[in-house]
Amino acid sequence: MPRATFHFPRGFLWGTATSSHQVEGYNRNNQWWAWEGQPGKILNGDRSGAACDWWGGRWREDFDRAAESAQNAHRFSIEWSRVQPLPDRWDETALDRYREMARGLNDRNMTALITLHHFSDPLWLAEQGGWENERAAELFPVYARKTVEALKEYCNLWVTLNEPSLYAILSYLMGDFPPGKKDLKSTARVMANLVRAHAAAYQAIKEVQPVARVGIAQHYRGFRPATRSPFDRLAARLFHNYLNDAFPRALQTGRLRFPSGNANIPQAKGTQDYLGLNYYTEELVAFKPGRTADLFTRRFYDPAYEVSQGGFIANVPQGLFRALEWCHGYNLPIVITENGVNDSQDGLRPRYLVEHLHQVWRALNNNYPIKGYFHWTLVDNFEWERGWSQRFGLWELDVETLARRKRPSADLYAEICRANSISTEIVERYTPELLAKLFPD
Ligand code: IFM
């Protein structure tokens with residue numbers, strides 16, 4: 001068997017990604033906390049509760065874990081409801097706490113990548129109609145400006161919005177996220193307001209910090225037609241357009257194309273310095289008239305693919321390559337802002353990790369300008385409507401005691417980060433079943 005080493009570029013960012021509501025604990029002042037309190041909204045009636053207790057200070061030990069594992073970057077998010085607990089009140093102590101976290105990364109020689117909105121909204125905003133209200137697009141840049149002013153000493157890499165199109169679709173079309181609406185017109189309105197909010201935040205951040213690099217973290221799901229039927233092909237193409245492409249395209253062109261909601265938003269044109277990619281999996285799409293909430297599709301995994309616990313994620317590493325090809329079409333630097341798999345037993349994760357990173361390396365060899373990779377996630381955290389049932393962490397969390405236990409994938413990832421490469425030896429040690437595939441004769 002041939003031996004080889006897949007090298008990554010010097011200065012490549014290796015990290016993990018987290019989000020405020022999923023890790024901080026006791027975020028009582030946002031719409032998710034209220035949603036969790038309603039019966040039937042979260043699987044098994046789970047609550048985020050103390051989460052990973054980052055607000056209680058355990059971010060320190062988790063940042064130590066990341067740093068000791070040779071990660072040189074970390075992506076975390078700011079909780080808007082903590083920074084601006086009421087429309088007319090800023091909480092400087094919350095900003096101090098976030099400053100301490102960002103400095104905590106710098107002190108560990110890690111680059112901070114900070115997200116300003118990751119699915120959670122202040123309760124007061126939700127009470128004003130949330131993102132359906134155009135005012136949200138004016139309020140968000142004010143919060144963004146305030147936060148960047150406070151943190152700019154420690155960070156110049158910003159994500160304004162995490163997975164904006166998925167957020168709009170899950171919250172306003174599919175009804176899985178608060179406010180649980182199922183309305184196409186509302187979804188289109190929210191999409192447009194999110195584009196406006198991003199554009200205004202982009203300008204605000206640049207004014208405060210001209211050297212800032214600002215983008216979004218775009219959720220990209222691969223969609224392939226289930227059959228050769230022209231209807232399935234069209235359905236796959238449309239789903240791709242709406243979920244994957246519409247939002248970043250609006251930031252490129254200033255025009256949002258979304259069902260029942262085309263909008264010209266010229267101020268959005270050219271407001272991305274890089275494209276953040278969140279990739280997990282790829283699905284087959286069949287046309288199904290009548291399923292409005294699913295944009296007239298039925299979507300499912302190709303039975304040929306291995307799936308994670310509960311059938312949540314299919315392991316399709318080539319799908320990441322295809323996603324990177326799509327990113328490359330935007331002609332911007334690319335950051336993989338999320339990629340990972342739920343796997344409490346850590347049986348699939350090592351394979352998933354190595355094969356996906358192998359695809360990143362292939363894309364780098366095509367000269368795609370990929371600047372970093374952030375694995376989702378550092379420690380098991382609260383997985384939204386699926387509660388604690390999905391374990392994405394390199395470290396396992398005991399939700400009762402908050403104890404952390406390292407999974408083998410944490411060591412595997414550490415070896416890759418430390419070496420800035422994937423070698424035959426690493427593959428042999430952690431995923432010998434992949435040797436023939438990655439190093440063919
Ligand atoms: O946990 C989420 C994260 O908040 C957004 N992207 C997908 C992850 C896994 O489902």
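Ligands are counted one by one from 1 in listed order, and the atoms in each one are counted from 1 as well. One is the number of the first residue; the rest follow in order along the sequence.
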With only distance considered, is Glu338 within less than 3.5 Å of ligand 1 through an N or O on each side?
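Glu338 vs ligand 1: N/O contact under 3.5 Å present.
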Any nitrogen or oxygen of Trp384, side chain or backbone, less than 3.5 Å from one on ligand 1?
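Yes.
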Could you identify the single nearest non-hydrogen protein atom to atom 8 (C) of ligand 1 and state the distance to 0.1 Å?
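For this ligand atom, the closest protein heavy atom is Tyr280 OH, 3.4 Å.
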Which bit of Glu383 gets closer than 4.0 Å to ligand 1, counting heavy atoms only: side chain, backbone, both or neither?
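For Glu383, only side-chain atoms sit under 4.0 Å from ligand 1.
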Counting from 1, what ligand 1 atoms have a heavy atom of His118 closer than 4.0 Å?
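That gives atoms 3 (C), 4 (O), 5 (C) of ligand 1.
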Short list, please: which atoms of ligand 1 are under 4.0 Å from a heavy atom of Gln22?
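Near Gln22, the atoms of ligand 1 are 1 (O), 3 (C), 4 (O).
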Donor on one side chain, acceptor on other, [X] and [Y], under 3.5 Å:
X      : Y      : value
Trp131 : Asp121 : yes
Glu396 : Ser344 : no
Asn162 : Thr115 : no
Asn27  : Arg82  : yes

Taking the six-membered ring of Trp55 as reference, does the cationic atom of Arg97 (NZ for Lys, CZ for Arg) lie under 6.0 Å from its centre and within 45° of its axis?
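Yes, a cation-pi geometry.
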Distance flag, aromatic centroids of His240 and Tyr220, threshold under 6.0 Å
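They qualify: ring centres under 6.0 Å apart.
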Heavy-atom proximity to atom 5 (C) of ligand 1, best of His219, Arg386, Glu163:
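Shortest heavy-atom distance from atom 5 (C) of ligand 1: Glu163.
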Taking the non-hydrogen atoms of Gln390, is any one of them nearer than 4.0 angstrom to ligand 1?
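Judged by the 4.0 Å heavy-atom criterion, Gln390 does not count as contacting ligand 1.
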